[in-house]
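One structure is given here, and the rest of the page talks about it.
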Protein chains: 2
Amino acid sequence: MKDPLDNLPGYVLRRASAATLAELNQRLEPLKLRHADVAFLLLIDEEPGISQSEAGRILDIQRANMVPFVSRLEKRGLLDRTKVDGRSQALRLTAAGRTKLAKARRIIGVFEASLMNRVPEKMRPMVLPILMALWKGPES
Amino acid sequence: MKDPLDNLPGYVLRRASAATLAELNQRLEPLKLRHADVAFLLLIDEEPGISQSEAGRILDIQRANMVPFVSRLEKRGLLDRTKVDGRSQALRLTAAGRTKLAKARRIIGVFEASLMNRVPEKMRPMVLPILMALWKGPES
DNA sequence: TATTGTTATACTCTATAACTATA
DNA sequence: TATAGTTATAGAGTATAACAATA
């Protein structure tokens, strides 16, 4: 039976997100990482020394939820924390974290290419602009 | 600070979905409905007498998770179940369910229009095809 | 044998409130 | 006063396994 909600962009957006997320998590399973882990590692790699709160703001993860998130990755030896003042801590990848991230990058690369590949070639340049517009609105 | 993941379609897809979902749930809050409730009511309205399992297959909700989902809406008087054979039950909207859905439809309409509105006009015809392609791949 | 509805359960993700120590 | 990190907790949402009744 055809899904009668297929003409609602909001609904299709959600289904597309859920389906592709599940696929990505499956691809990352050999590394024992989830999609959110990789996003976080990518962010730390690009902004070494970033604080936990700032990372949470960028990734839209609440301060409270960052705590177990960070400490799990720290326990696995993928990142470390160094106090920068009495409150903040600077997050940096360890060598193991960088090695892990390099592997994750390859998986992400294949995954993102596969995503683009299912879109007809003519429309590919519109994918990112459209998704950004849906996310953040017309400006920005 | 700019989000350094903004060039990854998969990541932006997830953020766009999460942001718009949260917005839709907020718009639906006065009706005490969640986005999944409305999708379900829309489906029953278009396929009256559909079974619980079949609805779950279409909406990608597991049989086991349909149980509390359906019974909550039934307790609120929005739908009813009638046995069609010893196993299956036909789902149908009640009068109250149709009234509620009519209100939800107006909210959905405004929401979907607002979604399209944040996309530059030239790209709007591509929104649904691109999202469908990301969801289900090139064929279909 | 396969399917429907069901129960029980667990895990992830997300949300809120409150506390502490620092700035 | 505002912020960073933390604790505790609760609520969605989602996943699996197993069972009884029925097809």
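Just so you know, these numbers come straight off a predicted model, no measurement behind them. We name chains A, B, ... by the order of the sequence lines, and we start the count at 1 in each one.
The shortest distance between the side-chain N/O atoms of A:Gln62 and the OP1/OP2 oxygens of C:dT14 is not below 4.0 Å. Under 4.0 angstrom from either OP1 or OP2 of C:dA2 there lies no side-chain N or O belonging to B:Arg63. Close to D:dA23, at under 4.0 Å from its OP1 or OP2, lies no side-chain N or O of B:Ser88. Regarding contacts with the backbone of C:dC13, a side-chain N or O of A:Arg34 is found under 4.0 angstrom from either OP1 or OP2.
In this structure, the CG atom of A:Leu21 is 9 Å from the P atom of C:dT14, given to the nearest Å. Rounded to whole angstrom, the span from the CG atom of A:Leu79 across to the P atom of D:dG5 amounts to 13 Å. In this structure, the CD1 atom of A:Ile61 is 9 Å from the P atom of C:dC13, given to the nearest Å. Spacing between atom CG of B:Asn65 and atom P of D:dA17 amounts to 14 Å, rounded to whole angstrom units. D:dA21 atom P lies 15 Å from atom CD of B:Gln89, rounded to whole Å. Rounded to an integer number of Å, the gap from CZ of A:Phe69 to C1' of D:dG5 is 16 Å. For the pair A:Leu73 CG and C:dT12 P, the interatomic distance rounds to 13 Å; values are reported in whole Å. Counting to the nearest Å, the P atom of D:dG13 and the CZ atom of B:Phe40 are 14 Å from each other.
Listed for the A:Arg92 side chain is no donor-acceptor partner under 3.5 Å among the backbone atoms of A:Asp80. Looking at B:Arg14, its side chain never comes within 3.5 Å of a backbone N or O of B:Gly10 through a donor-acceptor pair. B:Thr20 places a side-chain N or O within donor-acceptor distance of the main-chain N or O of B:Ala16, the cut-off being under 3.5 Å.
For B:Val67, the side-chain atoms get nearest to C:dT7 when compared with the rest of C:dT7, C:dT16, C:dA15.
Between the side chain of A:Asp85 and the base of D:dA4, no donor-acceptor pair under 3.5 Å is found.
Map A:Arg87 and A:Asn25 each onto its nearest nucleotide of DNA chain C; the residue landing nearer the 5' end is A:Asn25. Toward the 5' end of DNA chain D, the nearer of the two residues A:Arg81 and A:Arg14, judged by each one's closest nucleotide, is A:Arg81. The residue among A:Ala90 and A:Ala22 whose nearest nucleotide of DNA chain D is located toward the 5' end is A:Ala90.
Across all strands shown, A:Gln52 has heavy atoms under 4.0 Å from sugar-phosphate atoms exclusively, and none from any base. Across all strands shown, A:Ala36 has no heavy atoms under 4.0 Å from either base or sugar-phosphate atoms.
By the 30° and 60° cut-offs, the orientation of the rings of A:Tyr11 relative to B:Trp135 is perpendicular.
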Derivation and outcome, side-chain hydrogen bond (donor to acceptor under 3.5 Å, both in side chains), residues A:Arg57 and A:Ser53:
CA-CA 6 Å; A:Arg57 271 189 295 271; A:Ser53 305; 5.1 Å; no
